[in-house]
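To keep things clear, I will list the structure first and then write my remarks on it.
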Amino acid sequence: MTNGYRLIHDELKDRRGSAIGLPCAAPDCRRLADGWGLVGEASHYGEDSMGRAVRWSNDLNDYAPLCDSHNNLLDRGGDWLYCPNGHYRATFGTHRNGRCKGCTRDSLRARYADPEYRARANARRRELAAARRTNGEPR
Ligand SMILES: [Zn+2]
Ligand SMILES: [Zn+2]
């Protein structure tokens, strides 16, 4: 199978050289780029050779030098200002792996709002406490 993602990254290197060490193109970022990142619209979705979900465009101009954290950020969708779920990034912040902190908060809230989840979490806590008692550990 021809991997379009691999092909476009090879072509980027051939035509535009390596992006490593160039200034990251994200606004206000002072880090150096770790490679080319997609800053335009993705036109293709698929998997890389490791089976990870990737997105790409076949237009070389849709790429800019990006540091790892900004590459991760855009790989998860959205743009510089907003995450794909509309959280304003400057307000909510971003985890190191590129995940929006607003999205994490929302998914935690949704989980705790689910009575079944809470029941399971409470049962688990009781089990652990019981196990500690039978092991004679201090409470
Ligand atoms: Zn950056
Ligand atoms: Zn978000």
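In listed order, ligands and their atoms are each counted from 1.
- Under the 3.5 Å distance criterion, the side-chain polar atoms of R15 are left unmatched by any main-chain donor or acceptor of D10.
- Shown are the protein N/O/S atoms under 2.8 Å from the Zn ion (ligand 1), given by residue and atom: C24 SG, C29 SG, C67 SG, H70 ND1.
- The shortest non-hydrogen separation linking E11 to L60 is OE2-CD1, 4.1 Å.
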Can you list the steps and then say if E47 with Y5 is a side-chain contact (heavy atoms from CB on, under 4.5 Å)?
-> CA-CA 8 Å; E47 288 182 353; Y5 176 78; over 6 Å; no

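- Ring geometry for W80 against H70 counts as perpendicular: the plane angle is over 60°, on a 0 to 90° scale with 30° as the lower cut.
- Listed here is the closest heavy atom pair of K101 and F92: CB-O, 3.3 Å.
- For the Zn ion (ligand 2), the set of protein N/O/S atoms nearer than 2.8 Å consists of C83 SG, H87 ND1, C100 SG, C103 SG, ordered by chain and number.
- A donor-acceptor pair under 3.5 Å is formed between the side chain of R76 and the backbone N or O of N97.
- T104 and R99 are linked by a side-chain donor-acceptor pair at a separation below 3.5 angstrom, with hydrogens and angles left out of the test.
- Y63 contributes a side-chain N or O that, together with a main-chain N or O of S57, makes up a donor-acceptor pair within less than 3.5 Å.
- Looking only at atom types and distance, the side chain of R31 has a donor-acceptor partner in the side chain of S69 under 3.5 Å away.
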